[in-house]
Amino acid sequence: MKRIWAPWRQLYVSNAKSDKNCIFCPDQAGKDDRERLILARSDSSMIMLNRYPYTGGHLMVAPLRHASELDDLSDAELLDLMHLLCKGRALLKRVASPDGFNVGINLGRAAGAGVEEHLHIHIVPRWNGDSNFMTVVGDVRVIPDGLSEAYERLSAALAEEG
Ligand SMILES: [Zn+2]
């Protein structure tokens, strides 16, 4: 069903505080931030490593609140999300020295969103000579070992920053 304007949904979204099956929402089984690959939190947002990265250091920034659309977020939440996006990009620039970034949001399954119920912004570091974006998307995913190493490096760099 296509929805163009649905003001009643705002109430529904506001009431849907979290979803235990959502990777961006607090896990009911009590996993900690490290297990969930969460690197940092701000007032209303979080930044985490993508478990199935397109390239090494692929981060995602998401609101803490279970919201699916940009216009579900308040101005303060949008600003907070953008600030954390900047922080994540700066962190990757410092730690991994990429030559560029793909920053983007997939809204809806048709646009490639893996988790469409909870809005998130991808930050994908890119290096000169790596494959183009479409090839990267279709490529073999990074092995889990690389993931915990990336988590250690990035969280250590964040801690240094203070
Ligand atoms: Zn959620």
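Start at 1 and go down the list; that is how both ligands and their atoms are numbered. Only heavy atoms go into these numbers, but all of them, side chains included; no hydrogens, no water, no symmetry mates.
- Taking a 6.0 Å sphere around CG of Asp75, one finds it holds 12 or fewer heavy atoms contributed by other residues, nucleotides or ligands.
- Here the N, O or S atom of His66 that is nearest to the Zn ion (ligand 1) is ND1.
- Going from atom NZ of Lys87 over to atom CD1 of Ile47 covers 8.5 Å, rounded to the nearest 0.5 Å.
- Within His118, the N, O or S atom at minimum distance from the Zn ion (ligand 1) carries the name ND1.
- The Zn ion (ligand 1) is the vertex of the angle joining SG of Cys22 and SG of Cys25, which measures 110° to the nearest 10°.
- Qualifying salt bridge (charged side-chain N to carboxylate O under 4.0 Å, His left out) partners for Arg41, counting only residues two or more places apart in sequence or in other chains: Asp33.
- Ala113 meets the side-chain contact (heavy atoms from CB on, under 4.5 Å) test with Asn106, Glu116; sequence neighbours excluded.
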